[in-house]
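Report on the structure given below.
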Amino acid sequence: MSEGQIKVAYWPGCVSRGFTPELHGSMAIAAQKLGIELVELDRANCCGAGVIAEHNQELADTLNARTFALAQQTGLSMMNICSTCQGAQSECQQRLDADSSYRAHINEVLSGQGLAYEKDKDGFTNKNFLWLLVEDYGLDRLAEKVTRPLGGLRVGPFYGCYVVRPKERLGYDEHPDRDIYLEKVIEALGGEVVEYDGARKCCGFPVVTMNRETSLRQAGTHVGDALDAGADCLVTPCPLCHLNLDMQQPEAAKVVNRDLGLAVLHLPQLVSLALGAEPKELGMSKHIASTKWVEERLAAVPA
Amino acid sequence: MANYTLKVRRYQPESGEGAYWEEFKVDLDPSLSVLDGLLQAKDRDDGSLSVRCSCRAAICGSCGMKINGQSGLGCKTQIGEAQELANKMAGASAGEEKAVPTEGAGDNTTIVVEPMGNMPVIKDLITDMESTHWTKIRRVTPWLLPHGEAPEREYIVEPESMIDITQSMACIQCGACVSSCLSMEADPGFIGPAALAKAYRFVGDPRDAETKERLHDLAHDPHGIYDCTHCFSCIDACPKGVAPMDQIMRLRRKAGEEGIEDPNAGHAHEMAFVKIIEKKGTLDEAMLVQESYAPGIKGKLKPSKRSIRETIKSLPTILRPLRNRKVKLRQAIPGTHHKLPGDAMQDVKAIYAHAEEHNEEFNLYIKGEDEDFVEPEPDEMAEETMTAEAAAAAESEESQS
């Protein structure tokens with residue numbers, strides 16, 4: 001695919017700078033190893049995660065229009081590293097793109113800030129790192145960069161709902177394989193794909209404060225299914241899934257009443273490992289579910 | 001014509017045996033449906049293969065089933081498309097040893113057909129709709145509750161308000177959304193997407209007089225509107241574009257507008273989220289946890305028993321990352337997460353002021369998308385004119401007869 005230099009307006013999201021700081025750090029390492037230039041949108045705001053839209057749809061749409069406008073000011077397309085950001089932002093973008101008078105109404109308040117969201121400006125897109133990696137960077141180019149093939153590491157993909165549904169909103173007409181990209185990336189990195197029931201299901205995070213048991217039962221079930229299918233680890237492009245699958249894993253184990261203990265990697269961590277980065281610099285020691293087993297398997301294949 | 005193999009999950013209660021898989025080879029045009037394939041198998045191979053169906057045109061809602069794990073209607077899923085999806089998914093997970101093609105079916109893998117999920121199976125592909133689906137539908141009082149004397153003639157309402165609820169009225173009660181629901185998989189007590197979409201049909205109806213009572217009831221049920229995990233499965237499963245999850249979110253919005261506080265603290269969580277972004281521009285997770293359980297704990301309100309219980313339950317989840325140095329101590333203290341720079345915060349506050357003033361809901365279902373005007377091709381126009389003429393001719397004939 002494209003051999004050119006990739007430069008993107010980068011929206012890291014809130015959680016990568018909060019409860020999953022290892023994601024923010026490992027994305028920087030992955031970008032450096034891949035040769036992707038990140039222009040961080042450090043003045044952009046939270047996407048609302050669907051929750052603000054529940055309260056006031058116009059508020060969510062305007063907040064995200066501001067983020068898009070900030071990205072458009074750089075003249076670059078936008079990249080995010082969170083399935084939830086992708087889904088919440090795509091939802092707002094769909095409404096903004098649907099109607100010019102609604103867009104004008106939203107831009108009223110942005111114009112006071114010297115900003116405007118313009119539909120299709122310079123072919124503006126907003127893509128999760130996973131989509132960018134496959135569609136713009138290219139799997140062949142990725143495979144060429146691999147210095148430490150994952151040597152048969154058995155990886156279970158975990159997408160996060162917001163990058164797989166609803167298909168009509170998330171560009172599946174144009175890119176029908178977006179729900180099998182993780183499998184493609186795992187293979188390109190030399191890993192082995194583990195098939196299990198939960199790959200495209202919900203981690204349960206959105207209801208963790210409202211219905212803890214429903215939430216943790218979902219997380220625990222998927223982790224358990226992946227273990228039963230022989231996974232060495234999971235990989236996810238969504239830090240909120242990571243919170244429920246990793247940070248809450250010991251609690252989820254109690255709810256599903258079984259031993260768990262499965263490493264959950266952020267997508268940039270898995271990519272960086274195959275590109276020669278060390279687990280420690282990727283913040284893997286900060287995870288709640290131990291990544292020791294993954295590190296031992298990788299140690300057998302020197303970088 | 002093309003060959004397909006349907007791998008059907010079968011079950012006969014009278015046999016005393018558990019469910020099992022059986023493969024049927026069928027031969028039909030790719031544009032025909034999976035239901036057509038099943039009926040061919042029933043006709044040619046095994047008359048006992050049981051499937052519920054009637055109209056075969058996505059109107060009656062009888063043939064809900066799972067095809068390659070996706071919930072939908074058998075009659076609305078083309079077998080050729082089902083085959084493509086089956087091949088794609090098999091190819092994605094099989095890695096280097098690609099999926100083994102079925103004998104006599106070219107490179108094709110099997111199309112997996114199962115009864116709907118989240119419901120008991122009566123026989124083969126026939127599920128018990130009564131015990132889950134219809135019980136939950138009745139749970140939401142699915143009839144109009146007007147107050148006062150009925151008008152002498154019809155009720156007069158704004159057309160737009162009725163268009164709004166036609167989206168949920170489009171439901172054909174097939175149960176595909178219930179089958180796909182990931183919250184119900186974890187909590188069978190969840191009222192679920194079909195019944196909650198039906199609830200919105202009455203909450204959004206301008207003739208209904210008990211909207212607030214309905215919202216209060218749905219918010220106070222621990223398995224009600226705040227039990228939806230926002231997974232979008234029902235939106236993709238619905239063959240009629242009802243988008244049940246969107247209706248659930250609108251129920252939450254309306255419940256919030258009514259100021260209804262629920263025992264699951266769903267509304268408190270929503271408000272905490274909204275206020276934190278207004279204050280900081282990005283999300284302070286520690287503050288969200290604290291405020292969701294016990295809003296204004298610092299002196300304003302006494303925390304409820306639930307909030308104390310839930311906060312204690314969440315402590316290990318907060319303490320573990322502190323031990324691993326994943327989260328620094330200052331991050332775990334609510335209110336200490338970083339804030340956007342001052343001028344950016346002013347922008348965010350201006351957006352809040354503007355949006356809270358208007359609070360516009362842009363409903364794509366009602367308004368549709370801007371149509372980019374395309375000049376029709378000359379022959380298309382001719383055809384259209386002819387059709388219009390033909391229609392006019394037919395109409396005059398009809399009026400003459």
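Every chain is numbered from 1 and lettered A, B, ... according to where its sequence line falls, protein lines coming before strand lines.
- Heavy atoms of Glu185(B) lying under 4.5 Å from chain A belong exclusively to its side chain.
- Heavy-atom distances place the side chain of Met271(B), and not its backbone, under 4.5 Å from chain A.
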* Carefully, step by step, assess Asp347(B) and Arg66(A) under the rule salt bridge (Lys or Arg N to Asp or Glu O under 4.0 Å). => CA-CA 9 Å; Asp347(B) 292 1; Arg66(A) 177 176 177 272; 3.5 Å; yes
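- The candidate from Gly204(A), Ser285(A), Gly283(A), Pro250(A) with the greatest count of non-hydrogen atom pairs under 4.5 Å with chain B is Pro250(A).
- We find that Asp343(B) and Arg43(A) are joined by a salt bridge, their nearest charged nitrogen and carboxylate oxygen being less than 4.0 Å apart.
- By number of non-hydrogen pairs under 4.5 angstrom with chain B, the leading residue of Gly112(A), Ser101(A), Pro157(A), Ala44(A) is Ala44(A).
- Heavy atoms closer than 4.5 Å to chain A are found in both the backbone and the side chain of Leu283(B).
- Taking the six-membered ring wherever Trp is involved, the centroid distance between the rings of His105(A) and His354(B) falls below 6.0 Å.
- Highest contact tally toward chain B, considering only Ile52(A), Asn211(A), Asp99(A), Ile180(A), is held by Asp99(A) [criterion: heavy-atom pairs under 4.5 Å].
- The greatest number of non-hydrogen atom pairs below 4.5 Å with chain B, out of Gln249(A), Gln248(A), Glu168(A), is found for Gln248(A).
- Between the Gln57(A) side chain and the Phe362(B) main chain, a donor and an acceptor come within less than 3.5 Å of each other.
- If you measure heavy-atom distances from Pro222(B) to chain A, the contacts under 4.5 Å come from the backbone alone.
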* Decide yes or no on side chain to side chain contact (heavy atoms under 4.5 Å, CB included) for Leu110(A) and Ile351(B), but give the supporting numbers first. => CA-CA 8 Å; Leu110(A) 296 184; Ile351(B) 287 173; 3.9 Å; yes
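- Proximity to chain B (any heavy atom under 4.5 Å) is shown, for Arg17(A), by both the backbone and the side chain.
- Looking at Arg95(A), its side chain never comes within 3.5 Å of a backbone N or O of Leu364(B) through a donor-acceptor pair.
- With a 4.5 Å cut-off on non-hydrogen atoms, Asp236(B) touches chain A through its side chain but not through its backbone.
- There is no contact between Lys254(B) and chain A, counting heavy-atom distances below 4.5 Å.
- Remark: side-chain polar atoms of Lys88(B) are paired, donor with acceptor, to backbone N or O of Pro176(A) under 3.5 angstrom.
- Looking at Ala53(A), only its backbone comes within 4.5 Å of chain B, counting heavy atoms on both sides.
- When heavy atoms are compared at a cutoff of 4.5 Å, Glu192(A) does not approach chain B at all.
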* Let me see the working for Thr229(B) and Phe205(A) under side chain to side chain contact (heavy atoms under 4.5 Å, CB included), right down to the final yes or no. => CA-CA 8 Å; Thr229(B) 186; Phe205(A) 183 77; over 6 Å; no
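- Both the backbone and the side chain of Pro321(B) come within less than 4.5 Å of a heavy atom in chain A.
- Heavy-atom distances place both the backbone and the side chain of Phe19(A) under 4.5 Å from chain B.
- Heavy-atom pairs under 4.5 Å with chain B peak, among Arg217(A), Glu22(A), Glu183(A), Glu54(A), at Glu54(A).
- No donor-acceptor pair under 3.5 Å is formed between the side chain of Asn45(A) and the backbone N or O of Ile277(B).
- Using a 4.5 Å cut-off between heavy atoms, Ala255(B) makes no contact with chain A at all.
- If you measure heavy-atom distances from Leu340(B) to chain A, the contacts under 4.5 Å come from the side chain alone.
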